[in-house]
Protein chains: 2
Amino acid sequence: MKAPHSRHGHQAKPATIKDIARELGVSITTVSRAMRDFPDVNPQTRQAVLDMARQLDYQPNQVALSLVTSHTNSIGVIVPNLDYFFATAVRGIDELAIEAGYTVLTCQSNESYGREITNTQRLMNGRVDGLIVSLSSETSNVDHFRRLLQRSVPMVFFDRVGTDLEATKVMLDNYDGAVQAVSHLYEQGCRRIAYLAGPASLSISNQRKKGYLGTLEKYGLSVREELIVHCPFDQAHAYRATLALLDGPERPDAIFAISDRIAVGALLALRERGVAVPEEVALVGFNDEPVAALLTPALSSVGQPAFEMGRLAAQLFIEQMNSDELMPPKTELLKPRLVVRESSLKRGR
Amino acid sequence: MKAPHSRHGHQAKPATIKDIARELGVSITTVSRAMRDFPDVNPQTRQAVLDMARQLDYQPNQVALSLVTSHTNSIGVIVPNLDYFFATAVRGIDELAIEAGYTVLTCQSNESYGREITNTQRLMNGRVDGLIVSLSSETSNVDHFRRLLQRSVPMVFFDRVGTDLEATKVMLDNYDGAVQAVSHLYEQGCRRIAYLAGPASLSISNQRKKGYLGTLEKYGLSVREELIVHCPFDQAHAYRATLALLDGPERPDAIFAISDRIAVGALLALRERGVAVPEEVALVGFNDEPVAALLTPALSSVGQPAFEMGRLAAQLFIEQMNSDELMPPKTELLKPRLVVRESSLKRGR
DNA sequence: TTGTAAGCGTTATCAT
DNA sequence: ATGATAACGCTTACAA
């Protein structure tokens, strides 16, 4: 955590407008103006400046520029990790941001609250104009973001958003995603549907849980607490949780998993116990990652438009940047779409 | 590509040392010293400064600091994409860099030469202290990096490195990886081994090709040009290329794929044609991504230590930063390890 | 059309 | 123990 002490001592200094000015015997102002295509510079002067700039391999110093203008034309992105979903979302952010002239600087919090704070601070200490963020699974206190919001720093949260944060958000209709998954399982004849949830602190986990519970209720199925299992976002935990579920008193006939990775853990456990999928236990994941289609049986999964989500987040960010008045926070809800594959198809195969 | 014009006009200015100084009636120098725990400041003054800093929610302006010190304590990372391999490598870079006090700023070139250049410029203009880079598949001209190298900007290349670049590199022993894969296929009785290669411009593709050719020669197998297919790094192309291979005059009895994603494309084509894997055609991929173990049949794959590669790249970078003399470029070669699974096991199953 | 000077927030050098 | 001042590289009034 401590800053490096030694300096790298042999870096030839890059050319500055000062060098160009000295070389040409003009003032730095003239150089500055020529470089930026100001109308009132002598064409010959401009050309001379441009030539000299090329000759000296001049690159404008963005740091100095930022100090003057107090903005950087770059967006800080903080994501919990770079799995398929987030990598895709970041590509979406990238695409829009780059064409709008912004540079996207991505950091991973690595699902750590502490690292999320460090990233936030370092990014905001002058490097970026604002932040696009998806919360780490450890994060429950969002004061570090709230402070920035109070300063009107442009921010957009996506996917894993803070519920009690007055900010612009882009998220999936997680409730609906769960409804689609659980309704489908019900229609396939499943009556003891388990929910393999994520960490209880996460908004997405709870929203999906509500959708799960709502659907059970709709169909008059009783809620069995033993069938709702919270586990960390990794395959090994999901594997163990599923084994416990299978060995428990209340063996489910279907599992709705909060992510495909969790579903994979479950699938491995089901194979291990020799449980037929989907005949004995049907399985639905979430995210519709490419791996879903490659599993045997191919995994049904609730797809979410990760790329689109990133694009939209970037778009809202840029709108905030470009607006001269403070924009009221708004929440955009994207629609999930269940992709049915073999792992949940008991009928009509 | 043009810079945004409008400004975000309602951002309350963050406090500066000037504000603290004014508030306390001391000089900015004193504040600066107090903040940095200088020995010769009156403890009471220091305390007053610290208190005021907290009260004003003071955050040091990293931009101003950078302008003075001309370094930023940050590393720019440019990767072609954020697939499993690169995401893992970036985590490795992150881990080491963060504990050394650096911030890691990641950009994707999206396999585009132009975007790689833009990223390089923007990152360097933002004055990151140096770059850790893996080349885009489009990149054949590396002058943009050579210029930086000439200025002694600290740089480390990893995985996809420029062959004719005098720089520090971390790479896999790709030759050996191919040797392991092809030898294994030979030992399984395969004699018509195809190589599904990547873009011909990529060093890794060619190094693996050499390993492939070397192994054929070692076992006295003749080289059939029709069995060497270059295709872009995506599943769809691999799928089509494999179909062509299967329908061709020289149907292979094994396929060595340059990546797991390519192998997946091949596997899909093999399924499509009803070709038994591994009985009729054995298959080996590269990278040993998690998906490999989940396929049916499970995919044999040459594993590479992505995380370790990232860590090592960061370590070499930091060594460069900390050294006062110019360090001669060196190349670190990491060892691959073939993981044998069902897709290539014809015997002793 | 061009130049001078102030200022962005900080550190470093030299005084006091 | 504290302060004035220059400097980092650039932009932007304001002058000329």
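Just so you know, these numbers use all the heavy atoms, side chains as well, and skip hydrogens, waters and symmetry mates. Residue numbers start from 1 in every chain, and the chains themselves are labelled A, B, ... in the order their sequence lines are given, proteins ahead of strands.
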Nucleotide [N], atom [atom2] - distance to [atom1] of [X] in whole Å:
X	N	atom1	atom2	answer
B:D40	C:dA12	CG	C1'	13 Å
A:N61	D:dC10	CG	P	6 Å
B:R127	C:dT10	CZ	P	20 Å
A:M35	D:dT12	CE	C1'	17 Å
B:K13	C:dC8	NZ	P	7 Å
A:N125	C:dT11	CG	P	12 Å
B:L65	D:dG9	CG	P	15 Å
A:R36	D:dA13	CZ	P	11 Å

- Query: If each of A:L67 and A:R33 is mapped to the nucleotide of DNA chain C with the nearest heavy atom, which maps nearer the 5' terminus, i.e. the 5' end?
  - Reply: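 Between the two, 5'-proximity favours A:R33.
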
- Query: Taking for each residue the nucleotide of DNA chain C with the nearest heavy atom, is it A:G25 or B:V68 whose nucleotide lies nearer the 5' end?
  - Reply: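 Closer to the 5' end of DNA chain C: A:G25.
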
- Task: Identify whether any heavy atom of A:V26 sits under 4.0 Å from a base atom; if not, whether one sits that close to sugar-phosphate; answer base, sugar-phosphate or nothing.
- Result: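 Sugar-phosphate contact only.
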
- What is the nucleic acid contact for B:Y58, judged by heavy atoms within less than 4.0 Å: base, sugar-phosphate only, or nothing?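 Since only primed, P, OP1 and OP2 atoms lie under 4.0 Å of B:Y58, the category is sugar-phosphate.
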
- Step-by-step side chain to side chain donor-acceptor pair (under 3.5 Å) determination, A:E116 to A:H144: CA-CA 9 Å; A:E116 183 177 286; A:H144 49 306; 2.9 Å; yes

- Message: Check the orientation of A:F158 and A:F86. Use parallel for under 30°, tilted for 30 to 60°, and perpendicular for over 60°.
- Response: perpendicular

Does [X] make a side-chain N or O approach to OP1 or OP2 of [N] shorter than 4.0 Å?
X	N	result
B:K18	C:dG7	no
B:T45	D:dT2	yes
B:T30	D:dG3	yes
A:S32	D:dC10	no

Rounded to the nearest 0.5 Å, what's the gap from [atom1] on [X] to [atom2] on [Y]? Could you check?
X	Y	atom1	atom2	result
B:Q59	A:L148	CD	CG	8.5 Å
B:K330	B:Q320	NZ	CD	9.0 Å
B:C107	A:L105	SG	CG	5.5 Å

- Starting at the 5' end of DNA chain D, which residue's closest nucleotide do you reach first, B:A64 or B:P39? B:P39

- Report yes or no: is there a donor-acceptor pair, N or O only, under 3.5 Å between the side chain of A:T29 and the base of D:dT11? no

